[in-house]
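Written below as structure tokens is the structure these notes are about.
Throughout, residue positions are numbered sequentially from 1 according to the sequence presented.
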Amino acid sequence: MSTNHTTNYDLCQWEATDQVLHTDFNQDNAKLDAAIGFLSEITGKCGNCQIYTTTYVGTNQYGPEHANILTFPHKPMIVAVSGEPGDHQFLAFQGVEQAVVYANDLYVQNFTWSGNTLSWYRTDSAYKQFNQSRTYYVTALLDAAE
């Protein structure tokens, strides 16, 4: 069993002393198949894509009653949000309800997708919710046909 894993897809990185298990290969193949399938779905709509950018200023609040809500002119397929360079960033994919987020530490962020809207909140801090009193930068790939 591999103890080292890749950053983006958590795939096994084998060391010479690792025991190789078929289950590790099967799990890696399932992750790759899901990622390739998603990319195939998105690139099949490339003629309908629109790049959209915006910013928002956080309110320094957090929790479900202060959720971050972004509404786009068309259905967002991929949304990237970043704060100050190097300390805040996440990438959310349409329909995926959780993603690993980086804010000086890695943690899981839950997302809610509804039509042209993406929302999220944290119960532990405005910092981890990407809602401190500062500017955040948003880049999205939209399905312009919807």
Side-chain angles (χ1 to χ4, degrees), residues 1-14 21-146:
M1 179 175 184
S2 173
T3 56
N4 294 322
H5 294 87
T6 62
T7 302
N8 295 313
Y9 289 99
D10 197 35
L11 302 174
C12 295
Q13 292 288 285
W14 304 101
L21 301 175
H22 289 101
T23 54
D24 290 334
F25 283 104
N26 291 340
Q27 290 171 354
D28 284 355
N29 286 339
K31 291 174 189 176
L32 291 170
D33 186 64
I36 291 168
F38 178 76
L39 290 174
S40 294
E41 179 183 334
I42 288 177
T43 56
K45 296 183 176 185
C46 279
N48 298 329
C49 291
Q50 175 185 0
I51 296 175
Y52 177 82
T53 61
T54 190
T55 61
Y56 69 90
V57 176
T59 64
N60 211 37
Q61 297 177 310
Y62 60 95
E65 64 280 358
H66 302 289
N68 290 53
I69 301 170
L70 296 175
T71 301
F72 301 91
H74 298 283
K75 184 178 180 180
M77 300 306 292
I78 301 173
V79 177
V81 176
S82 62
E84 297 296 322
D87 83 332
H88 265 77
Q89 55 194 352
F90 74 72
L91 190 62
F93 296 91
Q94 175 62 242
V96 176
E97 296 178 357
Q98 291 186 330
V100 175
V101 173
Y102 177 75
N104 283 338
D105 195 9
L106 295 175
Y107 59 92
V108 174
Q109 177 67 58
N110 295 308
F111 298 103
T112 302
W113 299 86
S114 178
N116 295 358
T117 302
L118 171 64
S119 62
W120 69 93
Y121 67 87
R122 294 287 300 189
T123 58
D124 52 354
S125 76
Y127 177 77
K128 286 186 176 181
Q129 186 173 308
F130 287 62
N131 206 28
Q132 285 183 295
S133 297
R134 61 173 165 185
T135 301
Y136 294 88
Y137 302 90
V138 179
T139 303
L141 182 60
L142 308 180
D143 182 347
E146 291 193 36

List in chain and number order the residues that pass ring pair (Phe, Tyr, Trp, His ring centres under 6.0 Å) with Tyr56, two or more places apart in sequence or in another chain; answer none if no residue qualifies.
Tyr136
Any chance the side chains of Asn110 and Glu97 put a donor and an acceptor closer than 3.5 Å?
no
Worked check of side-chain contact (heavy atoms from CB on, under 4.5 Å) between Asn60 and Tyr127:
CA-CA 8 Å; Asn60 211 37; Tyr127 177 77; over 6 Å; no
Could you tell me the separation between the CZ atom of Arg122 and the CG atom of Asn131, rounded to the nearest 0.5 Å?
13.0 Å
Tyr62 meets the ring pair (Phe, Tyr, Trp, His ring centres under 6.0 Å) criterion, sequence neighbours left out, with none
Answer whether the closest heavy-atom distance between the side chains of Gln129 and Asn68 falls below 4.5 Å.
yes
Between NE2 of His66 and CD of Gln61, what distance do you get to the nearest 0.5 Å?
4.0 Å
Does any N or O in the side chain of Ser114 come within less than 3.5 Å of the main-chain N or O of Thr117, such that one atom is a donor and the other an acceptor?
no
Atom pair CZ/OG1 of Phe72 and Thr54 - distance to nearest 0.5 Å
8.0 Å
Identify the heavy atoms of Ile69 and Ser119 that sit nearest to each other, and give their distance.
CG1-CB, 3.9 Å
Which pairs pass salt bridge (charged side-chain N to carboxylate O under 4.0 Å, His left out) with one or both residues in residues 48-58, sequence neighbours excluded?
none
Gly115 to Pro76 - nearest heavy-atom pair and separation:
O-CD, 3.8 Å
Report yes if the side chains of Gln98 and Phe111 come closer than 4.5 Å at any heavy-atom pair, otherwise no.
no
Rounded to the nearest 0.5 Å, the CZ atom of Phe93 sits from the CG atom of Leu141 at a distance of 10.0 Å
Proximity of Trp120 and Phe90 rings by center, below 6.0 Å
yes
With no hydrogens and no angle check, do the side chains of Asn116 and Thr71 hold a donor and an acceptor under 3.5 Å apart?
no
Which one of Val138, Thr139, Leu91 satisfies the side-chain contact (heavy atoms from CB on, under 4.5 Å) criterion with Val81?
Val138
Quick check for you: to the nearest 0.5 Å, what is the distance between Ile78 atom CD1 and Asp143 atom CG?
11.5 Å
